[in-house]
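Shown next, in structure tokens, is the structure this report addresses.
Because only heavy atoms are used, hydrogens play no part in the values below, and waters and symmetry mates are left out as well, while side chains stay in. This is a predicted model, so every value here is computed, not measured. Throughout, a chain's letter reflects where its sequence line sits, starting with A, and its residues are numbered from 1.
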2 protein chains.
Amino acid sequence: MVVDDEPSIRDLLSASLRFSGFEVLTAADGQEAVEVAERASPDLVVLDVMLPDLDGFEVAKRIGTPVLFLTARDATEDKIAGLRVGDDYVTKPFSLEEVQARIRAVLRRTRGEGGPVSRLKVADLELDEDAREVWRGGRQVRLSPTEFKLLHYFMVNAGRVLSKAQILDHVWNYDFGGDAGVVESYVSYLRRKVDDVEPRLIHTLRSVGYVLREPPAG
Amino acid sequence: MVVDDEPSIRDLLSASLRFSGFEVLTAADGQEAVEVAERASPDLVVLDVMLPDLDGFEVAKRIGTPVLFLTARDATEDKIAGLRVGDDYVTKPFSLEEVQARIRAVLRRTRGEGGPVSRLKVADLELDEDAREVWRGGRQVRLSPTEFKLLHYFMVNAGRVLSKAQILDHVWNYDFGGDAGVVESYVSYLRRKVDDVEPRLIHTLRSVGYVLREPPAG
DNA sequence: GTGAGCCTTCAGCAAACCCTCAGGTGATTT
DNA sequence: AAATCACCTGAGGGTTTGCTGAAGGCTCAC
């Protein structure tokens with residue numbers, strides 16, 4: 001369930017999550033959130049801390065499900081420190097990659113360990129979501145936060161062609177105003193750090209986008 | 001549904017789409033688009049971003065269907081960053097091939113995966129629309145964007161004779177000013193890259209056009 | 001405050017690509 | 001047989017696109 005009073009944020013999140021295969025309910029304020037949660041008992045609630053009626057933490061107390069809080073970047077740290085075990089938070093403005101990563105992490109912790117694995121693998125390239133660690137051919141590689149998110153997005157969509165606009169939409173914050181040149185820079189960084197050996201995994205499709213995939217035998 | 005204030009664009013698109021078997025409604029501005037969409041609930045809307053009354057993104061928000069945006073090549077890199085998941089865009093001036101390819105891609109993503117396959121096959125020549133990969137007899141071939149569009153047009157119309165004018169109209173941008181000589185050049189490129197082995201698939205019909213087809217066994 | 005790492009922009013360079021053109025080839029007409 | 005026509009293809013130039021090093025500004029830890 002997605003709870004936010006801004007329709008644009010609500011739509012952005014629910015569309016993105018539905019596209020990834022989640023069933024999504026929405027609510028626009030705390031009152032509605034509590035009602036919907038009682039009727040439908042969702043697995044997880046994405047919850048804006050700032051709501052017009054009730055405080056987000058108040059809503060969390062009344063519904064018994066795990067929560068991913070959305071909070072302004074400058075919000076007071078002490079409140080966040082009061083998170084219940086199992087909950088988590090991301091700051092606005094966020095990137096879709098980040099929200100989805102946190103959601104999966106919360107669900108993994110909540111439902112026993114039998115959940116989806118947190119380790120992605122393409123050829124001899126491996127990425128551990130929980131540990132935030134990356135290996136290429138046995139060698140560990142250090143990545144910056146953005147590099148990590150980008151590589152994660154590539155690996156989740158391995159074999160699929162991704163346009164620069166698509167990458168921008170998912171990996172960068174939704175309010176990012178710049179142009180797609182950043183994506184080129186970061187692909188360049190990633191190539192240097194994790195794709196400097198054969199077989200090359202990140203391929204450029206001129207005027208179309210990029211793909212991460214193992215080159216076919218042909 | 002096709003929404004554009006320029007009648008020439010509207011007619012070009014709707015005629016092309018009807019010919020391909022789609023049912024097409026049109027609207028000339030945002031107001032009309034919203035009304036028609038509510039009454040008829042189309043599967044997809046091809047929507048110009050620049051409309052006389054409402055902004056294209058505003059229209060998209062009010063109608064619940066997937067959207068393929070039409071946008072000018074220069075402006076808007078940042079605005080496009082606000083695309084909803086599942087939507088897509090093409091820049092003006094476009095080619096009909098490109099618009100149709102994007103439409104099919106959006107529809108494929110939107111209605112479950114059970115949609116039409118994205119893999120075309122003629123003899124031992126194969127083309128994957130999603131992965132943008134082309135194979136001839138097990139051997140992968142790299143094509144430039146225009147080469148790819150041309151081959152795709154040939155394969156969709158396999159067995160049908162295509163005149164150079166027809167090819168120009170579908171594969172090249174609608175504002176292309178040059179003559180049909182380009183088509184000859186690109187057919188030549190294609191032959192070298194994907195038709196350099198028996199059986200030959202691309203055949204010239206002197207003063208008529210070209211066909212892609214497997215020669216009859218006799 | 002200072003420094004390190006990080007994010008973003010920019011510009012110069014390199015490669016790929018698109019289109020034109022002209023000479024050549026083979027078929028068709030005169 | 002000669003002339004004509006349609007087409008093929010190699011070469012070349014102008015343009016677009018992408019890569020990468022460098023620089024500036026920002027944040028955060030110390």
Side-chain angles (χ1 to χ4, degrees), chain A residues 72-75 77 91 93-95 97-98 132 134 141-151 161-165 167-168 171-196 200 202-211, chain B residues 72-74 77-78 81 91-95 97-98 132 134 141-151 153 161-165 167-168 171-196 200-211:
Chain A
R73 186 170 299 285
D74 52 6
E77 295 290 338
T91 58
F94 49 78
S95 71
E97 257 301 285
E98 189 150 4
R132 285 188 83 81
V134 175
V141 181
R142 271 201 46 205
L143 297 184
S144 81
T146 303
E147 288 164 359
F148 185 86
K149 277 193 285 187
L150 177 57
L151 180 59
V161 178
L162 304 170
S163 73
K164 278 183 266 198
I167 294 171
L168 221 47
V171 177
W172 267 258
N173 295 341
Y174 57 74
D175 70 340
F176 178 70
D179 75 342
V182 229
V183 179
E184 290 176 20
S185 283
Y186 270 85
V187 168
S188 179
Y189 297 153
L190 271 192
R191 281 189 167 135
R192 197 176 334 177
K193 286 192 179 179
V194 306
D195 208 22
D196 54 345
R200 304 296 156 129
I202 302 175
H203 307 278
T204 303
L205 300 183
R206 206 183 164 78
S207 75
V208 177
Y210 298 96
V211 205
Chain B
R73 185 174 297 284
D74 44 8
E77 283 293 348
D78 45 356
T91 57
K92 284 185 180 181
F94 49 77
S95 71
E97 257 300 286
E98 189 150 3
R132 285 191 87 81
V134 174
V141 181
R142 275 200 37 196
L143 298 183
S144 82
T146 304
E147 289 163 0
F148 186 87
K149 277 193 287 188
L150 176 57
L151 180 59
Y153 185 56
V161 178
L162 305 170
S163 72
K164 277 184 269 196
I167 294 172
L168 220 46
V171 177
W172 267 259
N173 295 343
Y174 58 73
D175 70 340
F176 177 68
D179 73 343
V182 234
V183 179
E184 291 176 17
S185 283
Y186 272 86
V187 169
S188 176
Y189 297 154
L190 272 191
R191 281 188 166 134
R192 193 178 341 178
K193 286 191 179 180
V194 306
D195 208 22
D196 55 344
R200 303 295 156 131
L201 301 176
I202 301 175
H203 309 280
T204 303
L205 300 181
R206 203 183 164 76
S207 74
V208 178
Y210 298 96
V211 206

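For the side-chain contact (heavy atoms from CB on, under 4.5 Å) with A/Leu190, the qualifying choice from A/Leu143, A/Thr146, A/Val141 is A/Leu143, the only one to do so. When the options A/Tyr210, A/Trp172, A/Phe148 are evaluated for a ring-ring contact (aromatic ring centres under 6.0 Å, His included) with A/Tyr186, the one that passes is A/Trp172.
Judged by distance alone with a 3.5 Å cut-off, a donor-acceptor contact links the side chain of A/Arg206 to the base of D/dT16.
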Listing time: all N or O pairs from protein to nucleotides 7-13 of chain C that are below 3.5 Å?
| residue | atom | partner | partner atom | Å |
| --- | --- | --- | --- | --- |
| C/dC7 | OP1 | A/Thr146 | N | 3.3 |
| C/dC7 | OP1 | A/Thr146 | OG1 | 2.6 |
| C/dC7 | OP2 | A/Ser144 | OG | 2.6 |
| C/dC7 | OP2 | A/Tyr186 | OH | 2.9 |
| C/dC7 | O5' | A/Tyr186 | OH | 3.1 |
| C/dT8 | OP2 | A/Trp172 | NE1 | 2.7 |
| C/dT8 | O4 | A/Tyr189 | OH | 3.0 |
| C/dT9 | O4 | A/Ser185 | OG | 3.4 |

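Rounded to whole angstrom, the span from the CD1 atom of A/Ile167 across to the P atom of D/dG18 amounts to 11 Å. Whole-Å rounding puts the B/Tyr210 OH to D/dA6 P distance at 12 Å. For B/Phe148 and C/dA16, the CZ to C1' distance is 17 Å, given to the nearest whole Å. Atom-to-atom, CG of A/Leu190 to C1' of C/dC6 comes out at 14 Å; the value is rounded to the nearest Å. Put simply, CG on A/Leu205 is 10 Å from P on D/dC19, counting in whole angstrom units. Distance A/Asp195 CG to D/dC19 C1': 14 Å, rounded to the nearest Å. Rounded to an integer number of Å, the gap from NZ of B/Lys193 to P of D/dT9 is 15 Å. Atom P of nucleotide D/dT16 and atom CG of B/Asn173 are separated by 13 Å, given to the nearest angstrom.
Atom CG of A/Leu150 is separated from atom CD of A/Glu97 by 8.5 Å, given to the nearest 0.5 angstrom. Taken from NZ in A/Lys149 to CG in A/Leu151, the straight-line distance is 13.0 Å, to the nearest 0.5 Å.
Put simply, the side chain of A/Asp195 gets close to the backbone of A/Ile202: a donor and an acceptor are under 3.5 Å apart. The closest donor-acceptor contact from the side chain of B/Asp179 to the backbone of B/Gly181 lies under 3.5 Å.
Taking side-chain N and O atoms only, B/Thr204 has a distance below 4.0 Å to OP1 or OP2 of D/dC8. Side-chain nitrogen and oxygen atoms of B/Arg192 include at least one within less than 4.0 Å of the OP1 or OP2 phosphate oxygen of D/dG10. Put simply, B/Lys164 has no side-chain N or O that comes within less than 4.0 Å of OP1 or OP2 on D/dA6.
Listed here is the closest heavy atom pair of B/Lys193 and B/Arg142: NZ-O, 3.2 Å.
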